[in-house]
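Okay, structure first, notes after.
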Amino acid sequence: EKYRKQYPQLFEYADIVQGVIVSIGNHPAGLVVSPFPVEPFFGTCTTSENENPISQINMKEIDSLNFVKLDVLGLDCVGLINDTCDLVGIERLTPDNVDLTDMKVWNSIRDDNTAIFQFESDSAGGYLKELFSEKTIANIKRVNPNFSYIDLMSMANGAIRPAGASYREELAKGIYRDNGHKALNNFLAPTLGYLVYQEQIIEFLHSFCGYTMGQADIVRRGFAKKTGTEAFIPKIKDGFTDTMQKEYSISTEESEHLIESFIQVIIDASSYLFSNNHAVPYSFLGYMCGYLRYYYPLEFLTVALNVYQEDEEKSNKIKAYIKKQGIEINPIKFGKSTDMYFMDKETNSIYQGIKSIKYLNSQIAKELYDLAQSNTYSSFIELLDDIVTKTSCDSRQLEILISLNFFSDFGNNKKLLSIYKLYDNLASRKQIKFTDLETLNINEEIFQKYAKSKTAKMYKDLDMIGYIAEISEMIPDKALSIKEQMKYEIEHLGNPVSLYKKAPKSFFVVTEYKTFKDKLKPYLTLYNVNTGEYIKTKVKDRDFFAVAPFGLFDIVKVVKWKTQKKTKCIGGVWQKTNEDEEILSEWEVY
């Protein structure tokens, strides 16, 4: 108000501008469903990104007009299931053609949650493990021996949402809730006595609180959209008390006691209540992931690596699972790798694709794969000639592939890089002046054998491929150093992949190095060159730079770790916790 009085003209314009819509966006999956034109009810528009009409009012306003909305969700796991079925060569899985009672699959899902739709997180996987434990299943069977695992998984899908907070732990233990009255217990018997789904709330409001189904759905919408949940509670209580008194002769005091647990779930539902028609299809998808993972692990895991390659957390979990299954994930390799991850049934392994490598693409991957499938190469030089003349692979891309051991069948990468440098400098030359021999580092004694003629100033009619081949035989078959290799892999793959089994397990490469203000406490990510294990740690030695400093990509031999308690900032104060961490105490730099 002070500035409004001080600058009245400025605020005159500010008041005009305030609230003006300057841009619009549309829900990526939300559709309004109507049996008649919507334009008489609300305006529509189009945008440069979407040719379909878009409503000019928001979601809640559309709700207020009683139009049905449909969310069309795009789920990665649907693609995962479809592509796996294609790769295996079987009909696409549906609830009608897959055995939903296969205990081998259910036990596999219980034991490991990797790539199981909706249960990939540690917390959700842990919940499912407890729910499917022998103890919980025994508790459930005592009351309901004919229970369905798919129904139980559907309940878990509801329980792990915020609305499940009041019953989640009891459900995981298979404890049936006694709701204090036979009618209530019968109503909730399919879900162990708990109010789990939106449909149950609708039915509860209809059967026990005096609402029509239409009225109950309006209340359900209010919960789902978080619009005035508290305002509904008094009427729900009154309706429940009235019904219990009229239908079951229950007193007001007892009715108030009976409804308390229901009210808590209804309050929790304002956070996020799942519906049965959501939970069951999600559970079918989760089960199908488990089914394909169990019976067709190589195909399923290959597709999973491709589907989730942009999700680092999921990718790392899938790779860890692959390792547990005894399946090798091999680095890129000529003749095995395409643009994406690709399986090799003969060796029960998966080869990384080259599309995701920095500066490379699908076209080059397919061109190189086609070369390998249609030709047999007796030497690297012969292959180089075809790559240069028959593919779109340029010099930088070729050097990257060589450095990443793509052509390892033809030798170690340091030697192959030297051969390629020779080829790149000399292969296309038809004549060379005598004065250029030294500059080009040519061995004239050997070179003369591959020159058919010469003039007073130059060699002509050259067989450069022959010369390169003979010189190549003289190049030592060596690999890049560990430090050079790690640098290439981190730069182009995003992470190291090479393992050196002959190296001591105490040898690490520094793949991440961060320092803060005082620059005396570097925080590190170390990659074990023998095992491939990552360790996040730090150095607290105040004399770090004086004792044995190191940096990114350096090779460090860990001599000693020191265990200490982690610290955490609580209320603005750094305090020690009960959690241990390993910090680098003694080391040697190589």
Side-chain angles (χ1 to χ4, degrees), residues 14-75 78 118 154 157-158 161-164 195-240 242-243 262-282:
D15 290 340
I16 294 172
V17 172
Q18 186 178 16
V20 172
I21 295 172
V22 295
S23 64
I24 63 168
N26 64 287
H27 190 304
L31 299 174
V32 178
V33 183
S34 173
F36 43 73
V38 299
E39 283 80 5
F41 297 88
F42 58 82
T44 63
C45 63
T46 57
T47 66
S48 59
E49 291 82 24
N50 195 331
E51 62 182 12
N52 299 307
I54 299 168
S55 68
Q56 290 193 27
I57 58 176
N58 293 320
M59 181 171 65
K60 289 182 180 178
E61 284 86 344
I62 290 171
D63 275 341
S64 73
L65 295 173
N66 286 326
F67 281 97
V68 172
K69 300 191 316 303
L70 181 66
D71 278 1
V72 183
L73 303 177
L75 303 176
V78 175
Q118 291 294 292
S154 299
N157 257 309
R161 272 56 186 180
L195 198 61
V196 176
Y197 303 121
Q198 290 186 20
E199 291 88 345
Q200 288 177 299
I201 285 190
I202 293 172
E203 183 59 39
F204 173 73
L205 294 174
H206 173 61
S207 298
F208 292 94
C209 301
Y211 287 77
T212 66
M213 291 295 281
Q215 291 170 334
D217 190 47
I218 290 171
V219 174
R220 190 274 309 168
R221 288 191 191 192
F223 298 153
K225 302 304 177 187
K226 307 172 184 64
T227 52
T229 301
E230 291 294 338
F232 295 119
I233 301 302
K235 186 179 177 183
I236 291 172
K237 284 185 174 181
D238 290 344
F240 181 80
D242 187 56
T243 300
F262 288 89
I263 292 299
Q264 184 58 54
V265 174
I266 289 170
I267 291 171
D268 290 340
S270 65
S271 299
Y272 181 21
L273 186 68
F274 225 42
S275 62
N276 181 262
N277 66 4
H278 216 155
V280 174
Y282 272 20

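Any value given below was found using the heavy atoms of this structure, including those in side chains, with hydrogens, waters and symmetry copies removed.
The two residues Thr243 and Gly210 make their nearest non-hydrogen contact at OG1-N, 3.7 Å. Nearest heavy-atom pair across Ser55 and Ile62 is OG-CD1, 3.6 Å. Listed here is the closest heavy atom pair of Pro53 and Thr46: CA-CG2, 4.2 Å. Among all heavy-atom pairs drawn from Tyr197 and Ser275, the shortest one is CD2-C, 3.8 Å. Residues Phe274 and Asn157 come closest through the heavy atom pair CD2-O, 3.8 Å. The two residues Glu199 and Asn277 have their closest heavy-atom pair at OE2-N, 3.1 Å.
Taken from OG in Ser207 to CE in Met213, the straight-line distance is 7.5 Å, to the nearest 0.5 Å. A distance of 4.5 Å separates CZ of Arg161 from CD of Gln118, quoted to the nearest 0.5 Å. Expressed to the nearest 0.5 Å, how far CD1 of Ile233 lies from CG of Asp238 amounts to 11.5 Å. Atom CG of residue Leu205 and atom CD1 of residue Ile236 lie 5.0 Å apart, to the nearest 0.5 angstrom. Note that CD of Gln200 is 11.0 Å distant from CD of Gln198, once rounded to the nearest 0.5 Å.
Each of Asp63, Val33, Leu31 was checked for a side-chain contact (heavy atoms from CB on, under 4.5 Å) with Val68, and the lone residue meeting it is Val33.
The closest side-chain heavy-atom distance from Asn26 to Asn52 is not below 4.5 Å. Looking at heavy atoms from C-beta onward, Tyr211 lies out of side-chain contact with Ile218 at the 4.5 angstrom threshold.
Classified by interplanar angle (parallel below 30°, tilted 30° to 60°, perpendicular above 60°), the ring pair Phe67/Phe41 is perpendicular.
At distances below 3.5 Å, not a single donor-acceptor pair connects side-chain atoms of Asp71 with backbone N or O atoms of Leu73.
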